[in-house]
2 protein chains.
Amino acid sequence: MAEKIKEECNKLLLPVSDALDILSGKWKLPIIFALFLGNHRFRELQREVKGISGKMLSKELKDLEINQLVKRTVFDTSPVTVEYSLTEYGRTLEKLITELHNWGQQHRNIIFR
Amino acid sequence: MAEKIKEECNKLLLPVSDALDILSGKWKLPIIFALFLGNHRFRELQREVKGISGKMLSKELKDLEINQLVKRTVFDTSPVTVEYSLTEYGRTLEKLITELHNWGQQHRNIIFR
DNA sequence: CAGTATCCCTCGGGATACTG
DNA sequence: CAGTATCCCGAGGGATACTG
């Protein structure tokens, strides 16, 4: 019986972790915020997200792309230019981020008092 | 003007990061879930949260306590026993976790299809 | 039991140089 | 410009032994 409940909880855990994985880490949010402000070239993003290395930016964008949150568009100018933008689906993160913001904001009020 | 917007975003970022910091990492959620199931002694928690070391459990619980999410109660039996439980405030995480679960669940449906 | 202290190793990620 | 490959270091965290 208690075992049954624990199993249920573990099943609950996975989707929550999935959501967290997408948002947590040093760079995810800053990148997502930058993308919320508009479409962006790779270099632009690197400038906007202070301190991020090319390697990390590349990796994080790939992650977001795999999760269908970001769309990568290549223009065959020379040299090539690439644009990243949030997908329609990616924008559904906004609600979630707002919830996090609300909780985080009142938490600040509770802690720094 | 664009600068103004960026500043605003950075201010938005901090509370979101605060909320994420409390939930992300390898052990936070499993511990919180265990605590949702009831009050727990240190050893009990270590058994329930598979694979966690004493050092980590200790550190994470201290974090949660500092954030007023968990209450630590010492009973002067011999040897001492200690109980950890979610505070009333800690339980406000439930709503947030539910939101993360909802997003994560539908994300799984979109990705693993 | 409920932790703390120490040792030790992995590996995430920075810096740099390179390619198409 | 938009990345990839390589090298390298330090912090995070595991294992173990110890204490009140």
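- Shown here for B:H40 and B:G38, the closest heavy-atom pair between the two residues is CD2-O, 2.7 Å.
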query: Using Watson-Crick and G-U wobble pairs whose two distances are both under 3.5 Å, how do you write the pairing of DNA chain C as dot-bracket, with | for links to another strand?
result: ||||||||||||||||||||
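- Picking from C:dG3, C:dA2, D:dA2 the nucleotide with the shortest atom distance to the side chain of A:F42 gives D:dA2.
- The separation between B:L45 atom CG and C:dC1 atom P is 13 Å, rounded to whole Å.
- When every heavy atom of A:L23 is checked against every heavy atom of A:L93, the shortest pair comes out as CD2-CD2, 4.2 Å.
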- request: Show the numbers, then the answer: is there a salt bridge (charged side-chain N to carboxylate O under 4.0 Å, His left out) between B:E83 and B:R72?
  value: CA-CA 6 Å; B:E83 257 188 29; B:R72 180 175 177 275; over 6 Å; no
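- Between D:dG12 and B:W27, no contact under 4.0 Å exists linking OP1 or OP2 to a side-chain N or O.
- Using a distance-only test at 3.5 Å, with no hydrogens or angles considered, a donor-acceptor pair links the side chain of B:E44 to the main chain of B:R41.
- Residue A:T77 places no side-chain N or O under 4.0 Å from the OP1 or OP2 atom of D:dC1.
- The interatomic distance linking B:E44 (CD) with C:dA2 (P) rounds to 8 Å, in whole Å.
- Projected onto DNA chain C by closest heavy-atom contact, B:K59 and A:E60 fall at different nucleotides, the more 5' of which corresponds to B:K59.
- Look at A:R47 and you won't find any side-chain N or O under 4.0 angstrom from OP1 or OP2 of D:dA2.
- Taking side-chain N and O atoms only, A:R41 has no distance below 4.0 Å to OP1 or OP2 of D:dG3.
- Counting to the nearest Å, the P atom of D:dC1 and the CG atom of A:L61 are 16 Å from each other.
- In this structure, the CD1 atom of B:I52 is 13 Å from the P atom of C:dG3, given to the nearest Å.
- Closest contact between the side chain of A:S58 and the listed nucleotides D:dT4, C:dG3, D:dG20 involves D:dT4.
- Atom pair B:K55:NZ and C:dC9:C1' shows a separation of 12 Å (rounding to whole Å applied).
- Among D:dA2, C:dT4, C:dG14, the nucleotide with an atom closest to any side-chain atom of A:S53 is C:dG14.
- Counting non-hydrogen atoms under 4.0 angstrom, A:K26 reaches the backbone sugars and phosphates but no base.
- Across the protein-nucleic acid pair, A:Q46 atom CD and C:dG13 atom P stand 16 Å apart, rounded to whole Å.
- One can place CE of B:M56 at 19 Å from P of C:dA2, the figure rounded to the nearest angstrom.
- The CG-C1' distance, from A:D76 to D:dC1, rounds to 14 Å in whole Å.
- For the OP1/OP2 pair of D:dA2 and a distance below 4.0 Å, the side-chain nitrogens and oxygens of A:R43 include no atom meeting the criterion.
- Residue A:I52 comes nearest to A:Q46 through the heavy atom pair O-NE2, 3.4 Å, listed as atom of the first residue, atom of the second, then distance.
- Distance alone, capped at 3.5 Å, is enough to place a donor-acceptor pair between the A:Q106 side chain and the A:W103 backbone.
- An OP1 or OP2 oxygen of C:dG3 is reached within less than 4.0 angstrom by a side-chain nitrogen or oxygen of B:Y84.
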message: Go through it in stages, so that I can follow the logic: the residues are A:I97 and A:F33, the test is side-chain contact (heavy atoms from CB on, under 4.5 Å), and I'd like the CA-CA distance, side-chain angles, deciding distance and then a yes or no.
response: CA-CA 10 Å; A:I97 290 173; A:F33 268 66; 4.2 Å; yes
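- Judged by distance alone, with hydrogens and angles left aside, the side-chain atoms of B:T87 form a donor-acceptor pair with the main-chain N or O of B:Q68 at under 3.5 Å.
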